[in-house]
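Step one of this worksheet: look at the structure below.
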Number of protein chains: 2
Amino acid sequence: MTEKQRKILDIALELFAQDGYNSTSTNKIAQEAGVSEGLIFKHFGSKEGLLDYLVEEGVALMNEELDNLMRIENSVDRLKATLRFPKAVIDKNPAYWKVQMSIKFANHEIVEKYHNSSFMGKAMGIISETFEELNFENPQMETQLLMQIIASFFMSLINDEMENYAEMVSFLEKKYNLI
Amino acid sequence: MTEKQRKILDIALELFAQDGYNSTSTNKIAQEAGVSEGLIFKHFGSKEGLLDYLVEEGVALMNEELDNLMRIENSVDRLKATLRFPKAVIDKNPAYWKVQMSIKFANHEIVEKYHNSSFMGKAMGIISETFEELNFENPQMETQLLMQIIASFFMSLINDEMENYAEMVSFLEKKYNLI
DNA sequence: AACCAAAGTGAGTAATCACTCACAAAAGTA
DNA sequence: TACTTTTGTGAGTGATTACTCACTTTGGTT
């Protein structure tokens with residue numbers, strides 16, 4: 001990976017997150033990266049190829065975080081960490097998830113392409129296992145509900161719409177009897 | 001409102017919902033509506049003016065639905081109806097909410113403009129009042145959590161990602177002791 | 001030094017975009 | 001009927017878009 005190649009990716013990620021994929025021109029990316037526009041296409045083939053690369057990086061990051069979560073042995077601690085997961089992940093790399101969200105609703109064809117490589121399955125596995133270990137009455141529905149809640153937290157955090165995240169976490173900890 | 005004016009709105013709503021606002025050209029709207037492209041601008045000023053009109057219609061629809069919800073006297077029944085609210089609303093007019101979601105993440109400037117006219121405040125008022133009437137221990141946090149859950153349901157339903165909505169509703173009814 | 005593949009350039013291109021405008025048809029209104 | 005207003009047309013425009021291509025520069029190998 002060349003220095004300029006990395007620069008293109010970094011600037012593209014920043015601009016995609018800030019202005020959206022569709023509203024960011026390859027011309028602007030080239031200018032801000034201090035690079036000729038042609039180089040983008042030499043390296044990534046197309047604008048969508050550039051997005052592909054960034055999405056893959058995001059997926060890799062998310063899988064890493066999920067692996068860390070999975071490694072927590074104690075079920076109670078794992079569930080606690082799961083509740084804190086959205087904020088922890090977003091604080092590390094907000095741009096990747098802003099891009100993911102912006103394409104999820106705007107570009108239907110592109111979303112279809114990425115849908116398979118989703119990490120939802122892995123996340124569901126972790127949560128499901130946790131609720132089973134904790135002997136919840138209906139682990140499947142508990143899993144599905146918590147997945148919804150976490151997804152919603154992701155969206156709110158990306159839009160800076162959740163000031164009292166910590167309070168919400170401790171509220172949920174009480175509900176789940178984790179004290 | 002002219003016949004052609006209504007036709008433009010209907011087609012625009014359909015195409016915005018299907019392909020997204022940015023990916024829908026005024027040319028295509030005109031063609032599918034059987035109307036000259038100029039007429040769109042004569043009636044709505046700009047492409048964004050057309051979107052404004054549709055968003056206002058959506059806001060009016062949502063406020064109507066919220067008023068209906070508010071009119072339910074019995075707290076238990078109102079909370080039950082609140083849980084069914086997302087599916088009930090989306091089943092009636094899916095296109096409006098697909099458009100709302102697609103612009104929420106793609107067009108940052110446009111979102112800012114609509115953010116004030118949000119009906120979130122009204123929804124929060126209804127739910128908050130319900131939890132207080134039902135003597136929940138922490139009505140504020142309960143409200144915020146349920147708002148998140150409902151928002152998540154909206155998103156999942158729009159993307160056709162929730163097959164067992166009914167099961168989820170009855171699961172939540174048990175959780176909230178509504179049986 | 002001679003050579004070559006990869007990295008990098010930047011002017012150019014065809015397509016698409018939202019939007020304009022001079023004009024025509026239709027619909028009131030008197 | 002004579003008029004004004006509203007509704008409607010469609011060719012045209014400048015700006016922007018993603019992408020191409022002929023070419024140059026750079027870095028490493030023999």
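In the text below, chain A, chain B and the rest are named by the order of the sequence lines, each starting its count at 1.
In this structure, B/R78 does not pair ionically with B/E73, as no charged nitrogen and carboxylate oxygen lie closer than 4.0 Å. Using a 4.0 Å cut-off between a side-chain N of Lys or Arg and a carboxylate O of Asp or Glu, B/E137 and A/K175 do not qualify as a salt bridge. Between B/E57 and B/R6 there is a salt bridge, since a side-chain N of the basic residue sits under 4.0 Å from a carboxylate O of the acidic one. A salt bridge does not link B/K47 to B/E37: none of the charged side-chain nitrogens sits closer than 4.0 Å to a carboxylate oxygen. With respect to the salt-bridge test (charged N to carboxylate O, under 4.0 angstrom), the residues B/E65 and B/K92 qualify.
Across all strands, B/Q5 comes closer than 4.0 Å to no nucleic acid atom at all (heavy-atom distances).
Residues from residues 41-52 of chain A with heavy atoms under 4.0 angstrom of DNA chain C, sorted by number: A/K42, A/H43.
Atom CD in B/E3 sits about 16 Å away from atom C1' in D/dT6, given to the nearest Å. In this structure, A/L39 atom CG and D/dA18 atom P are separated by 16 Å, rounded to whole Å. Put simply, CG on B/N22 is 16 Å from P on D/dT16, counting in whole angstrom units. To the nearest angstrom, P of D/dT13 lies 17 Å from CG of B/N27. Protein atom CE of B/M1 is 17 Å distant from nucleotide atom P of D/dT6, rounded to whole Å.
Looking at heavy atoms from C-beta onward, B/S156 lies in side-chain contact with A/Q148 at the 4.5 angstrom threshold. B/L9 has its side chain within reach of B/M1: a pair of non-hydrogen atoms, C-beta onward, lies under 4.5 Å apart.
Nucleotides of DNA chain C with any atom under 4.0 Å from a heavy atom of chain B span, from 5' to 3', C/dC17 to C/dT20.
No donor-acceptor distance shorter than 3.5 angstrom exists from the side chain of B/T2 to the backbone of B/Q5, with no hydrogens or angles considered.
Between A/S36 and B/T26, it is A/S36 whose nearest contact on DNA chain C lies nearer the 5' terminus.
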